[in-house]
Every structure is written in structure tokens, then in C-alpha cells.
Amino acid sequence: MTKGVEGDWVADVADRVAEAAERRQIIGPIVCASGVSPSGPIHLGNLRELMVPHLVADELRRRGLPARHLLSWDDYDRLRKIPIEVPPDFAKHIGRPLTNVPDPTGEYENWAEHFKVPFRVALQRLGVEVEEVSQTDAYRSGAYRVQILTAMQHRTAIYDILTQFRTKNVGADDDDQDETEDTGPYRATYSPYRPYCRACGRDLTHVTAYDDATTELTYHCDCGYHDVLRLDAVDHGKLVWKVDWPMRWAFEDVVFEAGGVDHSSPGSSFTVGEQIVGKVFGGDSPEYIQYSFVGTDGAAKMSGSRGSALTPSEALGIVEPSALRSLYCREPRKSFTVAFDEKICNLYEDWDRLVARVTQGTGDRRERAVYARSVATASAPLPQTPRVVSFRSLASVVDITGGDPVQLLRIVGELLDDPPPSSLDEVRPRLDCAAAWVNGYVPADERTQVRTEPDLAALPSLYPRELEAINLLLADLETDWDLNGLTNLVYGVPKRQLGLPVEVKGRDPELQAEQRAFFTLLYHLLVGRETGPRLPTLLLSLGPDRIRSLLDPPRT
RNA sequence: GCGCCGGUAGCUCAAUUGGCAGAGCAUUUGACUCUUAAUCAACAGGUUCCGGGUUCAAGUCCCGGCCGGCGCACCA
């Protein structure tokens with residue numbers, strides 16, 4: 001057996017899962033399952049639903065144990081609500097399966113696909129390999145027909161299990177004692193199977209009768225339609241969630257699955273499912289761990305149906321895949337946030353520090369584990385930025401150069417040691433992340449905006465002394481066109497105006513005041529603000545022509 | 001009502017199977033021709049929420065509280 005990674009929760013869970021697989025005498029690959037409803041943008045919280053089983057499956061594979069990672073798309077779920085940006089007439093689709101609702105943008109074949117596609121791309125970039133199962137396909141093809149009939153046979157038992165956990169009285173208000181004696185009105189007609197109406201396609205249906213002998217199910221729909229289905233022949237509905245989930249455990253022989261806290265509370269789907277899988281489907285419940293929400297910034301939870309939810313694709317636009325993976329290596333029970341604001345710099349610093357410690361051999365066990373799981377999967381390494389420049393620096397450089405490739409290459413060369421980069425590809429993808437972040441997430445008033453036109457209001461009214469300073473600057477602008485030369489030049493101009501030799505150092509108050517005034521003048525004329533990036537860097541990135549056009553425009 | 005997570009330096013958080021409580025930012029001091037969240041070095045910073053218990057040893061494990069966050073209760 002190959003050796004896996006040790007020293008973290010993933011290894012512990014993998015131990016448990018491997019033992020369970022052996023105990024259950026599973027032959028063939030160990031199934032780790034994820035389930036996602038593509039009802040809205042699939043956000044960074046949902047990604048944890050994938051990443052936790054992924055890491056476990058990946059650890060099993062590292063140990064040489066075959067593992068499958070299933071992604072069940074809950075795309076046969078009903079459309080529940082429509083986001084504000086969608087045309088209101090989509091309300092008519094509420095109650096229909098997500099795969100039966102058109103994509104509002106018209107881009108993809110249906111509503112579900114619209115959200116699946118970008119998520120798939122993100123998974124691929126993160127090195128997460130899954131086998132997708134569409135619940136729509138599974139239900140419609142009759143794959144679960146036997147399980148549905150089984151559930152209907154045991155519908156009263158299912159009702160009683162559900163009742164056991166109920167704390168809110170719905171039917172008769174007896175006390176909690178005699179659930180099995182419950183004869184409330186719901187028990188007699190309870191159906192764990194919910195048909196989609198064959199007239200209107202929605203699930204506003206009410207099951208009124210079921211005949212065990214013929215498997216004939218009678219329902220009526222709020223649309224006015226009445227109908228009878230034979231469940232052993234017709235596939236036009238699904239099991240309710242709390243039954244559907246354990247059914248899949250049995251159907252797929254799931255050995256590991258993770259769930260959010262909302263599924264893990266008592267009376268919620270997992271605790272209920274644990275009983276149903278055994279009593280109804282004769283299967284085992286999977287090894288299970290719960291995970292907490294992933295937020296952005298301070299928000300502890302993101303709602304999938306709000307516009308503010310940020311997705312893995314959006315995150316991957318600004319965070320390198322390995323750095324993002326490293327976040328999901330944290331204890332699943334602990335919630336964390338992904339920074340889209342300026343804290344993203346800390347995120348990168350933490351990641352760079354971790355990489356440095358591990359590659360220098362000073363990292364501890366846990367750090368080595370996080371590193372190992374972040375930079376590669378059992379099957380392949382993830383792409384890395386070849387030469388590391390701090391994200392903060394890159395963002396700043398992108399900001400002041402406006403992304404100009406020539407300027408970028410030169411300044412990045414200044415930031416790197418030893419051999420200068422031959423191409424910007426050496427700092428990609430991080431450079432692209434920094435650019436995307438600056439352009440997409442930094443508020444306009446925090447960005448450096450170089451004037452596009454010279455300040456014609458200010459230029460003519462400059463004091464002679466200010467004009468002189470600018471002329472001194474422009475006269476020697478290209479004499480030493482590099483960071484050092486420009487540094488000496490900008491600091492030297494005020495010295496020359498004061499009649500001081502340019503070599504003087506030290507802190508003459510008069511000189512300092514003069515320098516400050518000069519800098520402020522330049523900032524006003526170049527970027528229209530009191531301050532800005534370090535002047536030498538700024539000048540370097542603007543280039544002589546641009547500087548001249550802003551400081552010494554051709555008079556007309 | 002039930003469940004989960006958290007409470008550690010001024011702030012944000014680390015701390016592996018129990019093993020000398022640690023970083024970043026901020027503060028202070030010094031250096032940098034110095035203006036921007038693109039420097040460097042050093043000093044300082046603690047009753048780990050409270051009360052018990054187990055242990056040679058507890059931030060960590062157990063019991064009981066307090067405070068905060070999130071979730072669940074026949075919706076998927």
C-alpha cells in the first residue's frame with residue numbers, strides 16, 4: 001500500500017473510511033459522495049461540500065485504495081424561488097424540476113445547467129475529479145424505481161421515523177410518547193414520493209391514495225388536474241429529500257459523505273436518514289462529518305439565492321488554485337472566510353509563508369499536510385506561479401501601470417532577485433489574479449488614476465519656483481532612466497533649488513518641506529491627488545512621453 | 001427546546017496525538033534622502049471567559065456555568 005499524507009483531519013477521516021469499507025466488505029472503489037442543488041449560483045460554501053469528500057477520496061487514492069467521488073446534482077428538485085434579476089414571469093416555473101426550467105439568459109439548455117457549467121470549470125481547475133450523476137436522469141430513467149416502491153411500502157414506518165424527531169406539533173397534540181400510535185390525519189395519507197403533475201409539470205401535487213397491490217398512486221394538483229400513476233411503470237416524481245438522501249446511500253453504497261450543519265442537527269436530514277437507510281432500504285449510513293459555512297469577509301454564511309454569493313470561479317479569478325485548496329484543508333467544523341477585500345493580501349502572505357516553511361523543511365506535520373494536499377492531488381500536480389512576487393506588490397504595480405505589459409515586466413524584474421524574468425508568464429497566474437483583483441474589487445477611490453489629460457486649470461497658474469522645479473525634473477528625466485536614477489532625480493530637484501549639493505543626506509527641515517511640496521505638486525499634476533505611489537516607481541511606469549504630456553503639454 | 005462552532009496580546013487569529021502560548025497588524029524604539037497598506041531591525045505586550053475535575057503535565061480531555069455566532073424542529 002502506498003503511503004498517504006499524515007498529520008491532519010483528512011488522514012484521520014480516511015482511516016475511518018477505510019475501516020468502514022473493510023467492515024462493510026465493500027468490493028471495488030470506495031464511494032465518497034457530494035450533493036449539490038444547482039438552483040442558484042454555487043458558492044464557496046457549496047464548494048466545501050465538494051472539497052471535504054474530495055480530500056478524503058484523494059487521501060484514499062494516495063494510499064493506493066481505489067475511490068470514486070460522486071457528485072449528485074439535485075437538479076430534479078423543484079425551482080423554489082426566483083432571484084430578483086430574473087424576469088417575473090419565471091414565477092410560472094416555480095414547482096418544476098430545475099432541468100425543466102429554461103435558462104433565463106438563454107445561454108444553456110436549462111436553469112440547472114446555467115449554474116453547473118462554471119462550477120465544473122472551477123472544480124477542474126482545483127484538481128477535483130468527480131463523477132457526475134444527474135438526479136433528473138436517474139429518476140426519469142427509472143433507476144430508482146425499486147427504491148421508490150420500497151419507500152412506498154414502508155411509508156408508514158417512514159412517517160413514524162420522521163415523527164419521532166418532530167418537536168413541533170402538527171397533527172394531534174399528544175405528548176411525545178406514543179408516536180407509533182399516531183393516528184393523525186397526516187399518517188394515513190403520508191407519501192414519501194411526490195409526483196410532478198403530468199399536466200402542468202409542477203409539484204403542487206397532493207397524494208390522496210396509494211394501492212400497494214397495484215402500485216397505483218392517486219394525486220390531484222393545485223392546477224386542477226387529477227391523475228393516477230402506476231409507480232411500477234411510470235417515472236414522474238421523486239422521493240422527498242429526507243428519504244431521497246438515505247436511498248442514495250444504499251443505492252450507491254456510499255461510504256463517506258459530508259454535510260453542512262443544517263443537515264446535521266437532530267431531526268434534520270442526516271439523523272433521520274441514518275434510521276431510514278437501515279429500516280427501509282437495508283443499507284448502511286456513511287461515515288459522516290459535518291462542516292461549517294464558508295463566508296466572504298465577515299459574513300458567516302452566504303445564501304445561494306442571493307446575488308451577493310461569491311462562487312469558486314470568482315474566487316479563482318483572484319486566488320491561485322493551490323492557495324484556495326489550502327483554505328479548504330482547514331478543520332471542516334470551523335468556519336472561515338475567503339477574502340475578496342484587501343485582506344486577500346494576508347491570505348497570500350499566509351500561503352507564501354506556508355510554502356516557504358515547508359519547502360525549507362521547517363514546517364510542522366500539519367503544515368506539511370496542508371501543503372501536500374494543496375499543491376497536488378494523487379493524480380497530478382496543480383499549476384503554480386513559477387516565480388513568487390508578493391501579491392501586495394503585484395497589485396500595486398498593476399494599479400499604477402494600468403496593466404501595461406512593458407512596464408510590468410520591467411518593474412517585476414526589479415522586484416525579483418537574480419535572473420530577470422524573460423516573460424510575464426513567469427509570474428502568472430498570480431499576476432492575472434492581482435490584475436483581476438485590482439480591476440474588480442478595489443474601490444475606485446482607493447486606486448491610482450493617472451490623469452488622462454493635463455491639469456490645464458493648474459498648469460498656467462504655477463508659481464515660478466514650481467515651474468522651475470518641473471523644468472529641472474524634465475531636463476534630466478531620461479539621464480538615468482531607472483529606479484535609482486529617478487529616485488536621485490526627484491529628491492535632487494529640491495536640493496538644487498535650495499543650492500545644496502545633490503549628495504547631501506541628513507534631515508534639513510527646510511529641505512524636507514521643499515521635497516514634500518514638490519512631491520505634492522507632482523501628485524496633483526499626475527494623479528490628481530495629494531499622495532500616491534512612490535514617485536520613482538510611478539514615473540518609471542508612466543514613461544517619459546506620458547510624463548511630459550502631463551507636466552509640459554504643448555502650448556497652443 | 002435540541003445540536004454544532006467560538007471565547008487566547010489593544011485588533012485579527014495560530015497552537016499536531018495533552019509537552020516551555022505563537023504570528024500578523026497596531027503601539028514603542030532605532031535605521032532608510034521617504035509620501036502610498038511595496039522597507040529593515042529591536043523592545044514590549046498574557047490569570048488562554050468563569051468554576052470544579054483527571055494528569056508528572058491542560059489553551060487542548062471531563063463536568064457545570066456565562067457570553068457570542070450559526071443551524072434544526074415532518075422545507076427541499
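Keep in mind the model is a prediction, meaning the values are calculated, not measured. Numbered from 1 within each chain, the chains take letters A, B, ... in sequence-line order.
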Self-check item: Mate of B/A42 where both pairing distances stay under 3.5 Å, Watson-Crick or G-U
Solution: B/U28
Practice problem: Take atom CG of A/L539 and atom P of B/U35, then tell me their distance rounded to the nearest Å. | Solution: 16 Å
Quiz item: B/G6 pairs with which nucleotide, Watson-Crick or G-U wobble, both distances below 3.5 Å?
Solution: B/C67
Practice problem: Taking atom types as modelled, find out whether A/T136 and A/D75 have a side-chain donor-acceptor pair closer than 3.5 angstrom. | Solution: yes
Exercise. Taking ring-ring contact (aromatic ring centres under 6.0 Å, His included) as the test, write out the residues that go with A/Y210, two or more places apart.
Key: none
Quiz item: In the strands shown, is B/U48 matched to any nucleotide by a Watson-Crick or G-U wobble pair with both distances under 3.5 Å, and which?
Solution: none
Exercise. Check A/Q275, A/K279, A/R155, A/R187 against A/D160 for a side-chain hydrogen bond (donor to acceptor under 3.5 Å, both in side chains) and give me the one that passes.
Key: A/R187
Self-check item: For atom CG of A/L521 and atom C1' of B/U35, their distance in whole Å
Solution: 14 Å
Quiz item: 5'-most contact on RNA chain B: A/S390 or A/D77, nearest heavy atom basis?
Solution: A/S390
Exercise. Check every strand shown and say whether A/V397 touches a base, only sugar-phosphate, or nothing at a heavy-atom separation below 4.0 Å.
Key: nothing
Contacts under 3.5 Å, N or O only, protein and nucleotides 3-5 of chain B:
unit_1, atom_1, unit_2, atom_2, d
B/C4, O3', A/R333, NH1, 3.2
B/C4, O2', A/Q290, OE1, 3.4

Quiz item: Taking any strand in view, what nucleotide pairs with B/A23 in a Watson-Crick or G-U wobble way, both distances under 3.5 Å?
Solution: B/U12
Quiz item: CG of A/L354 versus P of B/A14: gap in Å, rounded?
Solution: 15 Å
Quiz prompt | Whether A/D8 side chain and A/A11 backbone form a donor-acceptor pair below 3.5 Å | solution = yes
Exercise. Identify the nucleotide, in any strand shown, that forms a Watson-Crick or G-U wobble pair with B/U54, with both distances under 3.5 Å; if there is none, say none.
Key: none
Quiz item: Is there a donor-acceptor contact under 3.5 Å linking the side chains of A/Y76 and A/D244?
Solution: no
